[in-house]
Amino acid sequence: MSRRFPRLADQIPQESTASLDLALIGNGTVGALINAQGGIVWFCLPRFDGDQVLCSLLKGSERTAGTFAIELVGQTRTEQEYVQDTAIVRTRIYAANGDAIQITDLCPRFEKDGTMFCPPVLARQILPLAGSPRITVSLSPYADYGCTRRTPSVSNGMIRYAGDPSLSLATSASTHAIAESTPFRLDQGVTLMFGAAESVDGNLNDTFGQWREQTKSHWRSWVKSLEIDPRWREGVVRAAIILQLNIFEETGAIIAAMTTSIPEAPDTGRNWDYRYCWPRDAYFVANSLERLGDRRTTERLLDFVLGVAEATPDSKLGPLFTIDGGTIPDERVAECLDGYREMGPVRVGNKAREQVQHDVYGEAVLIAEPLYVNPRGDEVDHKALLAWLEAFGEHAVRLYNQPDAGLWELRGSASVHTFSSVMCWAACDRLSSYAKRLGLE
């Protein structure tokens, strides 16, 4: 159901139990990574690039810290799967004595009152499957990138956690048992809703059931709209959903990865923060989804890039932006996090913001290509759009033979890179073809 990173994982000594074989859930505002035992090991709030409130993936030797774990007393094995054609995950846990439970995890995403409902919330439901299971629920969120363990306070069926951003857990289980991580018998279904949103009105179990069905319906409707060769359907659908989970709903920006500081290779220090939008990477994601029939991603990414360019005096584009189009924060080391399998440093921000990467103008122009090649009745003023895109072409003409950091983002050196030159050519070539399609010189 999830995919490993075999090169990295196979080179790392196996006495460490941290793994990248993780399931991803999300809703376009937040994303969470779930390990094979049903523990949430990564969750940033209030959005993709926010503080790592659940960060055990990067806690090194302290993997019990910064996690949201659900353990069955006496457990011996687990099974895990995505609910078909959705971003909902089910984990089943079994004990030697026959006890069994099922965890269902989702981040709600569906249309509500004409807009996409995707709050910064993680919703979990635990059901007894067999026997008389006893479970322990442990939740230990952090603040300040792993430096401060948040203190819980219990009141009125809620657990609130001190710190910024505000955090709370609403649950139908015993709040004291969860706050103190003590075992309790699971006689009936238990719901847990954790995040930065306000408390949920009404019965939590009923709300979870509604969210599950509406979220399931949303994802299946989206998948149904795609054009997929039936021979490869299962793999393509799963990949498409994973890509969609990395799109920030509010702006259409696409992040390069849900995490920071997973090493490129063991013990190299090449640990970068990828929770931002690179127009280059974003173009390839949008292009892949466009080829499956998803035009919305292309249109929203183009709006995002044009909006970023409009905010500059001469439509210049940097290599990366925050998911709301702002400036990337200064790169710094999160001193309280040891790194994946203690292979630090853990970085927040990205120094690549200081670089120039000339290929970005090619990708910016290429994003618009489907609107000219296959208009589909788009409500787009193609001539006005071309005028905007021509500014990128002017930069490409000026910069195609100038040194830059390249797509490898070399730090401390600059050269003329073939890739950057070719992408500058692509910008001019496509602009010419767009003009011809419009009957312009």
Side-chain angles (χ1 to χ4, degrees), residues 49 247-248 250-256 276-287 290 295-329 350-373 375 378-407 409 414 416-417 419-441:
D49 57 354
I247 302 173
F248 187 49
E250 185 177 324
T251 65
I254 304 174
I255 58 174
Y276 308 112
C277 181
W278 276 256
R280 172 176 55 245
D281 302 65
Y283 157 69
F284 288 110
V285 172
N287 180 256
E290 171 75 33
R295 174 59 58 87
R296 180 175 185 262
T297 296
T298 293
E299 293 174 340
R300 300 194 71 226
L301 177 62
L302 183 60
D303 284 343
F304 174 78
V305 172
L306 291 175
V308 167
E310 187 179 11
T312 66
D314 51 3
S315 295
K316 276 187 177 180
L317 289 176
L320 70 162
F321 304 93
T322 63
I323 54 179
D324 56 8
T327 302
I328 302 297
N350 198 303
K351 197 173 182 179
R353 72 170 195 166
E354 301 172 5
Q355 297 177 352
V356 290
Q357 298 174 28
H358 301 152
D359 65 287
V360 68
Y361 296 107
E363 285 100 17
V365 172
L366 284 169
I367 293 170
E369 187 167 29
L371 304 183
Y372 290 93
V373 175
D378 298 309
E379 295 181 4
V380 176
D381 184 337
H382 292 88
K383 290 185 178 180
L385 175 59
L386 182 62
W388 275 101
L389 297 174
E390 283 178 330
F392 299 148
E394 295 294 336
H395 287 302
V397 168
R398 180 172 56 85
L399 298 170
Y400 79 96
N401 61 353
Q402 299 301 306
D404 72 351
L407 80 164
E409 302 186 345
V416 177
H417 291 91
F419 181 81
S420 297
S421 297
V422 169
M423 292 307 295
C424 286
W425 168 85
C428 299
D429 177 74
R430 295 310 191 274
L431 287 169
S432 175
S433 70
Y434 302 166
K436 289 177 181 177
R437 287 177 180 274
L438 297 175
L440 303 173
E441 290 296 330

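To the nearest 0.5 Å, the span separating NE2 on His417 from SG on Cys424 amounts to 12.5 Å. For the atom pair CD1 (Ile367) and CZ (Phe392), the distance works out to 8.5 Å, reported to the nearest 0.5 Å. In this structure, CG in Asp359 is found 4.5 Å from CZ in Arg280, a value given to the nearest 0.5 Å. Atom CG of residue Asn401 and atom CG of residue Asp404 lie 11.0 Å apart, to the nearest 0.5 angstrom.
Taking 4.5 Å as the limit, every side-chain heavy atom of Tyr283 sits out of range of all side-chain heavy atoms of Val360. Proximity of Gln357 to Leu320: side-chain heavy atoms (C-beta onward) are nowhere separated by under 4.5 Å.
At distances below 3.5 Å, at least one donor-acceptor pair connects side-chain atoms of Tyr361 with backbone N or O atoms of Leu317. With Arg353 contributing its side chain and Ile328 its backbone, the two residues share a donor-acceptor pair below 3.5 Å. Checking side-chain atoms of Thr297 against main-chain N and O of Ala286 turns up no donor-acceptor pair under 3.5 Å. In this structure a side-chain-to-backbone donor-acceptor pair under 3.5 Å is present from Ser421 to Tyr400. Between the Gln355 side chain and the Glu409 main chain, a donor and an acceptor come within less than 3.5 Å of each other.
Closest approach of Ala256 and Asp281 over heavy atoms only: CB-OD2, 4.4 Å. The nearest pair of heavy atoms linking Ala282 to Cys277 is CB-SG, 4.0 Å. Residues Phe304 and Ile323 share a closest heavy-atom pair of CE1-O, 3.8 Å. Nearest heavy-atom pair, Val305 versus Ala364, reported as atom, atom and distance to 0.1 Å: CG1-CB, 4.1 Å. Residues Gly393 and Cys428 come closest through the heavy atom pair O-SG, 4.1 Å. Pro370 approaches Leu366 most closely through the heavy-atom pair CD-O, 4.0 Å.
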Exercise for review: Give the C-alpha distance, both sets of side-chain angles, the deciding distance and a yes or no for side chain to side chain contact (heavy atoms under 4.5 Å, CB included) between Met423 and His358.
Suggested key: CA-CA 8 Å; Met423 292 307 295; His358 301 152; over 6 Å; no

Practice item. Would you check, one step at a time, whether the test side chain to side chain contact (heavy atoms under 4.5 Å, CB included) holds for Trp278 with Asn350? Key: CA-CA 11 Å; Trp278 276 256; Asn350 198 303; 3.7 Å; yes

Exercise for review: Any chance you could lay out the side chain to side chain contact (heavy atoms under 4.5 Å, CB included) test for Tyr372 and Leu389, step after step, and finish with the verdict?
Suggested key: CA-CA 12 Å; Tyr372 290 93; Leu389 297 174; 4.2 Å; yes

Exercise for review: Could you check Asp49 against Ile255 for side chain to side chain contact (heavy atoms under 4.5 Å, CB included), going step by step and ending with a plain yes or no?
Suggested key: CA-CA 9 Å; Asp49 57 354; Ile255 58 174; over 6 Å; no

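Residue Gln402 qualifies as enclosed at atom CD: its count of foreign heavy atoms under 6.0 Å is above 12.
Screening Leu385, Leu386, Leu371 for a side chain to side chain contact (heavy atoms under 4.5 Å, CB included) with Tyr434, the sole residue that qualifies is Leu386. Of the residues Glu363, Glu390, Glu369, the one that meets the salt bridge (charged side-chain N to carboxylate O under 4.0 Å, His left out) test with Arg430 is Glu369.
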